[in-house]
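So that the names make sense, note that chain A is the first sequence line, chain B the second, and so on, each numbered from 1.
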Number of protein chains: 2
Amino acid sequence: MPTSEDETGPIYRVIADKLRKSIITGELVDGQRVPGENELMRRYGVARATARQALRTLIDEGIVTPVRGSGNFVRSFRPVRRHAPKRLSAELWGRGRPIWDADAGDRTVEVDNVSVREVRPPEHVARALDLPESATTVRRQRRYLVDNRPLQLATSYLPAELARGDGAVLTAVDTGPGGIYARLDELGSAPAHFTEELRVRMPGPHEAEALSLAPGTPVIEVVRTALTAHQQAVELNEMVLDGSAHVLAYDFDA
Amino acid sequence: MPTSEDETGPIYRVIADKLRKSIITGELVDGQRVPGENELMRRYGVARATARQALRTLIDEGIVTPVRGSGNFVRSFRPVRRHAPKRLSAELWGRGRPIWDADAGDRTVEVDNVSVREVRPPEHVARALDLPESATTVRRQRRYLVDNRPLQLATSYLPAELARGDGAVLTAVDTGPGGIYARLDELGSAPAHFTEELRVRMPGPHEAEALSLAPGTPVIEVVRTALTAHQQAVELNEMVLDGSAHVLAYDFDA
DNA sequence: CAGTGGTCTAGACCACACA
DNA sequence: GTGTGGTCTAGACCACTGT
């Protein structure tokens with residue numbers, strides 16, 4: 001009698017369903033502990049692996065987070081709203097303000113793990129920037145933290161040619177007021193149009209580590225291309241966002 | 001000797017890392033079978049649960065899909081590109097063409113599980129549409145399939161008031177050429193602006209079922225508000241997309 | 001039919017959290 | 001120290017796939 005399916009499906013599913021229900025109905029609140037493995041074993045008379053699988057289901061759905069030595073907890077959700085069109089308006093960086101001001105509110109924003117190098121671009125980057133075979137790019141990598149929580153990894157590529165004679169600016173770790181876009185403006189290559197492409201997937205182990213992602217958290221991959229008024233691509237920025245921490249907003253006309 | 005960690009971390013992680021590597025380097029190609037549980041048990045001398053956990057890791061990362069009775073396979077990834085600004089241009093629906101033509105290419109597009117009802121809107125919908133307490137809405141639900149694969153669920157709400165006297169049109173299952181936006185145009189409420197809000201999360205069991213999602217597949221929740229030229233909200237559309245099957249594109253100016 | 005993944009049991013040792 | 005989740009073993013029966 002102790003195997004696979006009865007009429008209602010696998011046991012672990014039944015248990016997971018009950019737990020999910022008590023979370024959705026608000027019986028179990030944000031941050032509250034859910035019944036642990038031992039408790040589920042007692043309550044439903046199942047083996048440990050089965051209780052575990054029930055919890056695993058909820059973890060995979062991203063509604064519960066396990067904490068070693070302590071228990072499983074209902075996950076809270078307070079995303080950052082990221083409104084790309086507003087963030088990247090020239091009004092903002094034109095006045096020398098960092099673009100993150102646009103959506104961070106009164107949260108603290110920090111930048112981390114900065115690395116700037118001149119590199120041969122990957123093939124898809126060279127194509128996007130319309131660069132010849134031999135060209136090199138300035139690659140800028142960094143990590144953003146909001147309220148001390150890592151939320152985003154970013155790697156951007158700029159044609160090294162743009163930096164000729166003024167290379168120190170684009171290559172500097174600190175890009176100064178208004179950031180890289182203000183510098184591009186001063187070089188006569190102000191971004192005028194942007195396109196963003198979004199993909200969604202589960203993180204690899206490196207990304208899960210760098211963003212401190214709980215199991216069951218997807219990431220959003222954003223690839224942004226910045227174009228001048230003459231449709232010249234001047235930057236390609238590949239970002240990886242913690243999916244549980246973001247709401248992305250866009251607007252456009254019919 | 002057969003417990004938890006050695007210097008390189010848990011055994012299942014080591015196994016998962018090797019498998020992942022052979023997928024990324026192209027040793028194992030799209031759609032190809034990866035070594036099964038029995039093979040991993042033999043090759044690494046581990047118990048079944050351990051081999052299983054290694055495979056589970058890759059499944060959770062969305063790069064492998066299990067098939068009952070057959071094996072685990074490298075997952076292929078051929079997303080639909082969804083360019084919202086183009087899809088929703090008035091040129092398109094203004095000519096009576098269905099908006100899905102914009103990005104589906106030569107794939108077949110079908111609509112499924114259509115349900116149209118007049119309902120009291122949920123609280124957040126009433127707020128978004130700026131409706132009084134007592135107002136009702138027309139709710140349209142459906143599922144989209146591309147090449148026979150379910151890709152998207154959609155639920156849209158329109159103020160029932162808009163349909164007064166011409167209710168049969170907005171309430172019809174088939175909205176006719178150009179879809180609902182063309183009908184709104186005829187009623188003098190043509191959408192002029194759109195805003196979209198995107199969230200990412202793992203699906204609940206109902207969504208996983210309706211979209212035939214493999215384990216490890218996140219969904220994208222898109223909430224779109226359609227506004228007239230006078231900033232009047234005339235539709236709110238809540239969509240749930242198969243995250244592994246979509247690339248979303250947006251563009252905007254600085 | 002043999003082989004595969006899906007589910008389940010009944011144990012075990014470990015690192016970590018908390019009182 | 002007790003309880004928690006993390007990892008692991010060694011079995012078992014099941015439904016399903018493919019030959």
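The residue among A:Leu55 and B:Gly45 whose nearest nucleotide of DNA chain D lies closer to the 5′ end is A:Leu55.
From B:Glu61, atom CD reaches atom CD1 of B:Ile59 across 10.5 Å, with rounding to the nearest 0.5 Å. The distance from the CG atom of B:Leu40 to the NZ atom of B:Lys18 is 11.0 Å, given to the nearest 0.5 Å.
Across D:dG18, C:dC8, D:dT4, the shortest atom-to-atom separation from the side chain of A:Arg33 is found for D:dT4. Closest to the side chain of B:Thr50, out of D:dT9, D:dA15, D:dG5, is D:dT9. Looking at the side chain of A:Ala47, the nearest of the listed nucleotides C:dG6, D:dG5, C:dT9 is C:dT9.
Within the structure, a side-chain polar atom (N or O) of B:Tyr12 is placed less than 4.0 Å from OP1 or OP2 of D:dT7. In this model, the phosphate group of C:dT4 is not approached by any side-chain N or O of B:Asn72 to a distance below 4.0 Å at OP1 or OP2.
Using a 4.0 Å heavy-atom criterion, one finds that B:Arg56 contacts no nucleic acid atom at all.
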What's the verdict on side chain to side chain donor-acceptor pair (under 3.5 Å) for A:Arg199 and B:Ser244, showing C-alpha distance, side-chain angles and the deciding distance?
-> CA-CA 8 Å; A:Arg199 279 163 231 263; B:Ser244 70; over 6 Å; no
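In this structure a side-chain-to-backbone donor-acceptor pair under 3.5 Å is missing from A:Ser70 to A:Val67.
In terms of polar N and O atoms assigned as donor or acceptor, the side chain of B:Arg48 comes within less than 3.5 Å of the base of C:dG6 in a complementary pairing.
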